[in-house]
Amino acid sequence: MDAIMALCKRRGFIYQASEIYGGINGFWDYGPLGAQLKKNLRDAWWQDMVLRPCWGRSGPNGKPVRCVPVETCIIQHPRVWEASGHVAGFNDPMVDDKQTKQRFRADHLFGLFARPQSSGGQGHFEIPKVTIVASTVGEAVERLVSEKPLRKIFNVRDVGHSSGASGTVQADLGGGMHHWHVEAVRWNQLDEAALQEVPSPFTGKRGSLTSPRQFNLMFKTYTGATATEDDKVYMRPETAQGIFVQFKNVIDTTRVKVPFGIANTGKSFRNEVTPRNFTFRSREFEQAELEFFCHPDESVDWYRFWRDFRMEWWKSVGLAGDNLVLREHDKDELSHYSQGTSDVEYRFPFTAPGFGELEGIAHRGNFDLTQHQRHSGAKLEYNDTERGEPLPNGQRRGERYLPHCIEPAAGLDRGVLALLCEAYTVDPSRASPEFLKLHPRLAPIKAAVFPLVAKDGMPEIAEKLHADLCERFWRAGAIELDEKQSIGKRYARMDEAGCPFCFTIDGDTLKDQSVTIRERDTGEQHRIAIDAVSGFLTDKLGG
RNA sequence: GCGGGCGUAACUCAGUGGUAGAGUGCCACCUUGCCAAGGUGGAUGUCGAGGGUUCGAAUCCCUUCGCCCGCUCCA
């Protein structure tokens, strides 16, 4: 990995952000080659997801896949993040259930004790039989007396007076009516070992809760020049919410019909606990996200469709080997609203033999639209005129529903890093032992033109070929021209930059108008007519 | 967050208190006839930053920032 990082720096792929000031933890900049490489990956995603989704193939409904793009703001209304659930826990220590992935405020965790009030509600800590999540003691008491499963656990037969204020309940737990004390588990009084013993409020399983921790997931800033707390806003931790928030506008203004997708790319920000592993976990990073909306009945089919296509797509950009895997989440890993989640994972040098996530494909149900509908008050239901019972006039009655959503969410910076890791090759038998086998579609430099030696008219021919190729391929990427130093050195430089093809003008070119094509991956050479170079590149670069 | 390692040229690194170094790369010129070839010359350093000790600090001490590794975590 160190060698890859050194090459990235040396050749201008990736620099440390603010390096001359000592760097800043969790932030990285792209140099000339890196910026182009990343743009090529972003473009490939855009082309294959928006302009011609899934390479033109049909979805599970037998019709072409349709997606439209949006570009939404990094800063949204603060309530967007309340609805999405990202604000919760910003200021309060939080506990996670590792199994169900649910998170709650540590001071909302209540242990229910069968403790006689005559004991004064005091005494040293005991492990409660059961815990619940409630916002107040009163709510906890209320749930104990009203919820059947809880009543059963405590063998509640009869309930008398209960007081949320004092946290007591008068109940018959089998030995006649007594006052019982309901006590909150104080997270800050527990050591880690004790917390391991507390049963999960969701599953009852012990040892599945994390220690309470302070989270600052979102970057906070202020709108307006006065910067008071009232002007507090957050920088988005994901691009997806911008899509959900504009879902109704897209429906209302573009004539799209469910099923369809909305794509959004751009920067997101997370205060990662531990930025590490080069650009893999950065605090500022770019996402390419699609939210694909469909009818609930078709959602599982679409989930499988996207999961498989996204895996295929990553293979198509060059991650073709064993280092790429699709990992379906286990049932107990899933969010409570999800009917399926998969990760496309890559075996990075720093994760090996394990894998790191490149993209998550999640079945999100209608969770997000439901949340935003509830928090904003806006009606986000879709009126599907192609469903419902047929009417005499040939139309259908229509069906109103909140679409389900499949979310393929890719990390572009992680993608670039995976491409670099996959492309990085060491072959000591070569004159240029270190080189990048980047896919021609992604390579920042598409081709280079060299005169074998800088004399006998070769430079002039090279300049002409270079100009012609630039004219034809400038949209695809850089075409280099280099006549300095030895030919071997020039090949080596291009190898290191990941340039797939070099065209060399030599003595024979003067006689028969042919040039040498030198292939980066094999070092092999073959001759081709100078007029055929453009066609050759067109073929290799695709499009 | 805890523990460990590291930070000297663009890259890899040497330099343990006394003039800032090497290899590679880069640039120029010469040479060139297909793979970092050869020759000559050249440019490039707040020794990560700040403070302290000392006649004198890249070197010793303190603080801090960053990177890497392990644990934790991955919202």
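Each chain gets a letter, A, B and so on, in the order the sequences are listed, and its residues count up from 1.
Using a 4.0 Å heavy-atom distance criterion, A:Asn25 is classed as a sugar-phosphate-only contact. Within the nucleic acid shown, A:Gly26 comes within 4.0 Å of sugar-phosphate atoms alone, with no base atom in reach, counting heavy atoms only. Counting any heavy atom pair closer than 4.0 Å across all strands shown, A:Phe278 reaches sugar-phosphate atoms only and no base atom. Nucleic acid contact class of A:Lys9 (heavy atoms, under 4.0 Å, all strands): sugar-phosphate only. As judged by a 4.0 angstrom heavy-atom cut-off over every strand, A:Arg276 is placed among the base-contacting residues. At the heavy-atom level, A:Met494 lies nowhere under 4.0 Å from the strands shown. Residue contacts shown for A:Glu357 are absent, as no nucleic acid heavy atom lies under 4.0 Å away.
Ion pairing between A:Glu480 and A:Arg493 fails under the 4.0 Å rule for side-chain N and carboxylate O. Taking 4.0 Å as the cut-off between side-chain N and carboxylate O, A:Glu19 and A:Lys9 count as a salt-bridged pair. Classification of A:Asp495 and A:Arg430 as a salt-bridged pair holds, one side-chain N sitting under 4.0 Å from a carboxylate O. Salt bridge absent: A:Arg490 and A:Asp482 never bring a charged side-chain N and a carboxylate O closer than 4.0 Å. A salt bridge is defined here as a Lys NZ or Arg NE, NH1 or NH2 lying under 4.0 Å from an Asp or Glu carboxylate O, and A:Asp468 with A:Lys464 meets this definition. Salt bridge present: A:Glu359 and A:Arg310 bring a charged side-chain N and a carboxylate O closer than 4.0 Å. Taking a cutoff of 4.0 Å between a charged side-chain nitrogen and a carboxylate oxygen, A:Arg364 and A:Glu291 do not qualify as a salt bridge.
Note: CZ (A:Phe348) to P (B:C68) measures 14 Å, nearest angstrom. In this entry the distance linking CG of A:Asp2 with P of B:U12 reads 8 Å, nearest Å. Atoms CG (A:Asp456) and C1' (B:U32) sit 11 Å apart, rounded to a whole Å. The interatomic distance linking A:Arg518 (CZ) with B:G33 (P) rounds to 18 Å, in whole Å. Taking atom CG of A:Leu452 as the reference point, atom P of B:U31 lies 16 Å away to the nearest angstrom. Computed from coordinates, the A:Asn277 CG to B:C73 P distance equals 16 Å when rounded to whole Å. We find that NZ of A:Lys489 is positioned 17 Å from P of B:U31, with the value rounded to whole Å. Between A:Leu7 atom CG and B:A36 atom C1' the separation is 13 Å, expressed in whole Å.
The side chain of A:Arg493 approaches B:C26 more closely than any other nucleotide in the set B:U32, B:C26, B:G66. Of all nucleotides listed (B:U32, B:C68, B:C69), B:C69 comes nearest to the side chain of A:Phe350. Of the candidates B:C34, B:C35, B:C67, the closest approach to any side-chain atom of A:Asp506 belongs to B:C34. Listed nucleotides B:G1, B:U12, B:C35 differ in distance to A:Ile487; the shortest reach to its side chain belongs to B:C35.
Only the C1' atoms considered, B:A49 is 45 Å distant from B:C30, to the nearest whole Å. Taking atom P in both B:A37 and B:C26, one finds a spacing of 9 Å when rounded to whole Å. The separation of B:G23 from B:U44, taken at their C1' atoms, amounts to 16 Å, rounded to a whole angstrom. Only the C1' atoms considered, B:U46 is 22 Å distant from B:U12, to the nearest whole Å. Straight-line distance between the P atoms of B:A9 and B:G5: roughly 22 Å, to the nearest whole Å. Using C1' as the reference atom, B:G4 and B:U8 are 22 Å apart when rounded to the nearest Å. Straight-line distance between the P atoms of B:G48 and B:A57: roughly 15 Å, to the nearest whole Å. Taking atom P in both B:A28 and B:C65, one finds a spacing of 42 Å when rounded to whole Å.
Under the Watson-Crick or G-U wobble criterion, with both distances below 3.5 Å, B:U46 has no partner in any strand shown. Across all strands shown, the partner of B:C55 is B:G18, judged by Watson-Crick or G-U wobble contacts whose two distances both fall under 3.5 Å. In this structure, B:C73 makes no Watson-Crick or G-U wobble pair, since no nucleotide meets both defining distances under 3.5 angstrom. Here B:U24 sits opposite B:A10 as a Watson-Crick or G-U wobble pair (both hydrogen-bonding atom distances under 3.5 Å).
A:Leu324 has its side chain within reach of A:Leu358: a pair of non-hydrogen atoms, C-beta onward, lies under 4.5 Å apart.
Contact check, A:Ser486 against B:A36: no side-chain N or O comes under 4.0 Å of OP1 or OP2.
On a pure distance criterion of 3.5 Å, no polar donor-acceptor pair joins the side chain of A:Gln485 and the base of B:A36. The base of B:C73 has none of its N or O atoms less than 3.5 Å from a complementary donor or acceptor on the side chain of A:Glu272. Side chain A:Thr516 to base B:C34: a donor-acceptor pair is found below 3.5 Å.
Residue whose closest nucleotide on RNA chain B sits further toward the 5' end, between A:Gly507 and A:Tyr21: A:Gly507. Judged by closest nucleotide on RNA chain B, A:Lys484 is the one of A:Arg430 and A:Lys484 placed further toward the 5' end.
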